[in-house]
Amino acid sequence: MAQRYRMQYAENGDVLDPTYWVLDMSEYAGEVNGGLDRDNFADSTMTRTDIVRGAFTTVTSVTANGYTPDRTTIGWQGGTATGTNGLFSETFTADEDCLLHVEAAVAWVWGGTWSGTSLTSGYYVDTMQLQLLVDGVVVATSGIFEDFVKYNATYMSGVTIITAGRHTISMQVQVMQRNSNDDAQYDVNTNDVAFALRTLVYTQEKR
Amino acid sequence: MSRVTVTDLVPGTEATSADVNATLNSWTAALAAGAISGENVRQEGLDRRSFDASAKPVYQNSVFYENSTGALNAIAAAYTPMSAGSTIQTGDIAVVASGDTVVVRAALSFKTDSTTGTILAGHDVDLVLQGSNDGGATWSTLSNTRQRFGVQYIAAGPGPMTPPFTAYTNACAVLLYVSTPLAGVNWRYRVAYISANDAVYCYNAVLYAEVYAR
């Protein structure tokens, strides 16, 4: 705040009272010692070089290659490691409250040949679905992909507000069989899907 | 952070010149050239009006192509620039300083259309991002951007869920790339493809790069 008030204005012949001298000095010192703000700066005078890197935005990227989910596992999996043991699991510390933008591009290939089988209701195909989580909360979910398309890829993007402190971003996959009625079932004969190159980018937008 | 320390003067005691000068010297040091730093500024004390437009942290260079009938991209055995009517490529992007982060995103939809009716094994289309820092004279493939698309090889399909036998893919690809290049280097980016068996039709594409400087 640019407004500061002198406690005493000395006139000729006055006896200088040190109390007011110190108070006057302290009034101004308080401004410089961490009290400067927009009132002290002319408009549009802060340029890029005045701003420390990362003050507004912090971008972090992680890449991985390889990972084959366990087809005997029921439910979501792959969110506990990054690399050949999982899709993504990244923990970071946010300096302050911010908007977190999480995005990921993921490629995969189905193993073997199409393995649709006649089970309880029509013919089932092997499918998988991905989801992106921040601190265990889903922020993005992919569509359902089947193994007709041997090589495929997708992109997911989600945004959430986070507080300062440690946070974890993870990606999970669920392998299922589905039929034309969109009935889903678990079957250990589900074809293997192997994940290939993938990139996770998370952007902390602080200002 | 530069800091001013006010030396206390107590009524009734003798004030020496050293006491007064100590305070004034502290002011001199605190206000010396380059001494004022961000910590002298109150937290949340600045707002939008304080910043010059150049302080904006994100710089973009984007291109957008739309082609409702699809632009023909011929069979290519090695990485070849992809076109959706025009080559999917950015202009030069000046990186302001070392440590700036560049994020490149490309999204495009396309199909391959078999003219022979043969069943393809493996992938039909292989996509990557490429970068050039010499005005487009030489290009290198950017790591971790490869995405492949292709139908499953089917020997025989049972019943009503018979999967497609023609080599036809209609997909939307998003290539994502993050890098921290050297200062002062002008990079440009493009989408490249391999399609060893069939032509590729690209319908529309968006490619853009962002520089996060601050």
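Letters A, B, ... mirror the listed sequences (proteins, then strands); counts begin at 1.
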* Asked: Where do F41(A) and L46(B) land on the side chain to side chain contact (heavy atoms under 4.5 Å, CB included) test, with the steps shown first?
  -> CA-CA 9 Å; F41(A) 300 96; L46(B) 302 180; 3.8 Å; yes
* Evaluate side chain to side chain contact (heavy atoms under 4.5 Å, CB included) for N152(A) paired with F149(B), printing each intermediate quantity in order. => CA-CA 5 Å; N152(A) 212 342; F149(B) 297 85; 3.4 Å; yes
* **Over 12 foreign heavy atoms within 6.0 Å of CD, E39(B)** => no
* To do: Check whether T7(B) gets within reach of chain A through its side chain, its backbone, both or neither, counting any heavy atom under 4.5 Å.
  => backbone
* Asked: For A107(A), is it the side chain, the backbone, both, or neither that has a heavy atom closer than 4.5 Å to a heavy atom of chain B?
  -> side chain
* Any chance you could lay out the side chain to side chain contact (heavy atoms under 4.5 Å, CB included) test for R53(A) and D100(B), step after step, and finish with the verdict? => CA-CA 8 Å; R53(A) 189 177 299 281; D100(B) 289 354; 2.5 Å; yes
* To do: With a 4.5 Å cut-off on heavy-atom pairs, point out which of E146(A), M25(A), R198(A) contacts chain B the most.
  => M25(A)
* Asked: Among S44(A), P18(A), A104(A), A42(A), which residue forms the greatest number of heavy-atom pairs with chain B at distances under 4.5 Å?
  -> S44(A)
* Asked: Does the distance from a Lys or Arg side-chain N to an Asp or Glu carboxylate O, for D52(B) and R48(A), drop under 4.0 Å?
  -> no
* Considering only NZ, NE, NH1 and NH2 on the basic side and carboxylate oxygens on the acidic side, decide whether R207(A) and E44(B) come within less than 4.0 Å. => yes
* For R146(B) and L197(A), work out which heavy atoms get closest and say how close. => CB-CD1, 3.6 Å
* Asked: Counting only heavy atoms not in Y20(A), do more than 12 sit closer than 6.0 Å to its OH atom?
  -> no
* Between V52(A) and chain B, which part of the residue has a heavy atom less than 4.5 Å away: side chain, backbone, both or neither? -> backbone
